[in-house]
Amino acid sequence: MARPAIRVENLGKRYRIGVEEEQHETLLGAMGSWFTAPISNYRRLRDLSHFEDDENRDDVLWALRDVSFEIHPGEVVGFIGRNGAGKSTLLKLLSRIAYPTTGHIELVGRVSSLLEVGTGFHQELTGRENVFLNGTILGMTKAEVASKFDEIVEFSGVGKFIDTPVKRYSSGMKVRLGFAVAAHLEPDILIVDEVLAVGDIAFKKKCLGKMDEVSKSGRTVLYVSHEMSTVTNLCQRAYVLSGGQIVHQGPVQEAVEWYLDDMEVLDRDNLRLDEVDENERGGDGRLRFTSAYLVDRRGRHTHAPTAGEPVEVVLEYEAQEDLPRVMFWLRIDNHLNVPVSVLHMRSHETYYDIQKGTGRVRCRIPNLPLPNGAYQIKIKAKDYVQGHMLDALESALEFEVSASTFFGSDYTPDINHSTVLMEHGWTHEEHIDASVSPS
Amino acid sequence: MQAEQREATATVLPSANGHASSPEARRLVRIEPPTGWQFVNWREVLEYKDLLQTQVHRGVTVAYKQTVLGFGWAIIGPVFSMIVFTVIFGNLANVPSDGVPYALFSYTALLPWQYFSGALSGTTNSLVSNRNIFTKVYFPRLILPLVPLGTGLVGFGISFGVLVVLMIWYAVVPTVWVVFLPVLIFILMLTALGSGLWLSSLALQYRDVGRIVGMASRLLMYAAPVVWPVSLIAEKLPEHYETIRIFYGLYPMAGVIEGFRAALLGTVPMPWDLIGMGTITALVLTITGAFYFRRTEHLFADVA
């Protein structure tokens with residue numbers, strides 16, 4: 001068997017996280033600390049880079065631990081996991097940006113990593129100058145950039161603006177130019193972060209096509225993403241990362257399903273809203289939300305509901321006393337923090353009389369009208385007798401729509417082009433006769 | 001092989017049979033936890049010389065872009081300082097100038113000094129100001145502190161042209177030691193590089209360093225013989241002059257500046273003792289700096 005393109009053994013990365021700041025009760029204490037601050041600041045900054053041997057101190061975080069895998073030339077492999085699972089740390093180590101604490105990596109051939117497009121672009125310089133700047137940062141020689149220059153400009157579609165300062169470009173043009181440079185690197189191993197999440201659909205397709213092409217020519221691609229759909233389209237195999245370790249690996253379809261199931265289990269255990277700090281919630285506390293989650297058509301907890309299918313938002317609470325006339329509402333925000341919709345009991349001119357103790361409220365959405373993307377839900381409860389807010393949580397629940405059956409067809413508009421999905425119909429008439437048209 | 005690999009923290013090992021074109025001969029990169037002290041991998045820096053070149057080009061272009069005067073600023077800076085110094089130190093304070101017009105005397109010193117102070121602050125901030133680049137892409141980090149040394153040369157060249165005009169104006173003929181000028185410029189660059197290697201890494205870890213260097217730079221100018229001649233020490237402290245001169249030479253800018261004056265204006269004989277001592281400091285700074293830089297390099301992405 002051929003030598004693997006990437007071999008990783010027992011890889012680990014340790015970070016020191018900031019320790020909580022001390023609080024001062026008195027002015028004197030605060031003044032005292034002002035004088036000792038330089039010493040403690042020095043210790044704190046020094047500790048970021050120096051580790052003593054007591055490696056299990058509570059301010060030490062293992063972002064990756066005992067990660068081992070092998071990837072063979074020509075494979076396209078995905079890495080999936082939640083935020084904080086260790087994906088970006090792994091990328092940084094593979095890209096030689098940060099160094100491991102334990103273990104080692106062996107890479108065969110020329111490696112290019114795309115953690116960002118257009119790294120080192122300078123606003124004041126022209127597109128042409130920036131192509132050379134970016135190309136040499138990515139490890140090309142000037143001669144290599146020059147020989148591919150026309151292709152790069154062609155691919156980017158920037159055309160006649162190539163001698164215009166980049167500051168006059170639209171953000172889309174910058175991204176296209178940046179990706180065009182990266183696409184002409186011809187590495188043996190290509191490491192890609194979620195750079196494809198930017199740009200319009202047509203360009204995204206172009207990028208995916210390019211990556212496909214790269215892998216077909218026998219090169220190795222390592223792709224990290226949140227977007228399950230692109231991972232499934234692009235990769236053959238995938239690894240699931242969680243808590244800095246590889247928890248699952250397999251063919252991409254299976255790995256993605258495993259990951260989604262795993263998220264569901266985690267959510268049931270983890271999303272305990274009663275542990276949310278009092279400072280981060282509003283209201284007087286006579287009622288407290290204890291849990292919030294989504295339930296899909298089959299009654300399963302989900303974090304990835306499908307557009308076009310029914311979904312229920314379930315809110316569990318605990319009331320400290322009897323509360324007549326309580327109204328609940330929730331607001332769905334998209335990834336740009338744009339409020340998509342408010343679901344309010346007032347719209348239904350209804351309220352609940354709540355008795356002391358625990359309870360559960362369900363809000364049913366019969367036909368989820370959201371394009372693919374990430375969302376979060378804010379939840380509130382108000383006592384309409386006294387007019388007091390009971391509880392309010394800014395980010396009670398996050399979810400990601402990753403598939404759609406909304407129109408029952410294979411095209412659903414993208415989040416860049418629509419905020420909500422709207423049911424609609426089309427009709428067509430020919431040979432319009434003015435006398436019978438509605439007036 | 002085993003020993004070699006242990007040493008090779010993320011270095012590129014050409015594989016055994018060495019045919020660059022065959023897939024078997026593709027280079028193996030091994031990334032490991034950093035161990036011990038290592039010297040800078042100059043071969044790798046050389047492979048990235050095009051990056052250094054484009055970064056220098058970028059530095060020069062950006063510095064003079066969207067200004068009305070453009071490269072004129074490279075002339076105005078030192079000329080303005082020269083005028084201020086000539087009025088204050090030359091005319092009001094009557095600081096001696098070794099027998100040449102004070103304007104020429106101070107401008108000849110300002111030439112290397114402006115390069116040094118520019119390169120010093122440039123290299124010190126080189127990592128901090130480029131952290132958006134090196135936290136995204138791998139390249140030898142040593143490129144970054146080298147860039148200001150290159151960009152500074154452009155301003156230096158332009159200011160040098162002004163000096164030639166001044167010398168013609170004052171009808172001063174350079175000595176034969178003018179051929180030694182490139183060596184002095186090399187010592188000058190080495191001093192800036194050595195300090196920059198230490199300071200850039202420190203400034204990234206402790207941002208205070210950038211501020212300290214800004215203030216210290218002004219102090220260092222008065223410590224250097226920019227507005228006064230070294231012969232002033234002989235005049236004020238004749239009994240300890242020999243001892244003071246030896247120790248003063250450890251400040252590399254003393255030898256460089258007096259050397260510039262000796263070679264171009266012939267005010268004093270070539271100060272070989274100062275130059276020699278300064279070279280020792282510059283070399284020690286650069287060698288230890290290179291080790292320190294390499295030693296701390298692996299932290300850059302973590303602390304940036």
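Numbers restart at 1 for each chain; the letters A, B, ... are given by sequence-line order, proteins then strands. In what follows, every heavy atom counts, from backbone to side chain, and hydrogens, waters and symmetry copies are set aside.
Every side chain to side chain contact (heavy atoms under 4.5 Å, CB included) that S112(A) has, sequence neighbours left out, goes to L185(A), P187(A), L190(A).
Within the 4.5 angstrom heavy-atom criterion, only backbone atoms of T101(A) (N, CA, C, O) approach chain B. Neither the backbone nor the side chain of L11(A) comes within less than 4.5 Å of any heavy atom in chain B. When heavy atoms are compared at a cutoff of 4.5 Å, L91(A) does not approach chain B at all.
Between chain B and the options L138(A), T119(A), T102(A), the largest number of non-hydrogen pairs under 4.5 Å is found for T119(A).
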For residues 141-148 of chain B, which side-chain donor-acceptor pairs fall under 3.5 Å, sequence neighbours excluded?
residue: R141(B); atom: NH1; partner: V137(B); partner atom: O; Å: 3.3
residue: R141(B); atom: NH1; partner: F139(B); partner atom: O; Å: 2.9
residue: R141(B); atom: NH2; partner: F134(B); partner atom: O; Å: 2.6
residue: R141(B); atom: NH2; partner: V137(B); partner atom: O; Å: 3.4

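Looking only at atom types and distance, the side chain of S217(B) has no donor-acceptor partner in the side chain of S117(B) under 3.5 Å away.
Rounding to the nearest 0.5 angstrom, the gap separating the CD atom in E186(A) from the CZ atom in R219(A) is 5.5 Å.
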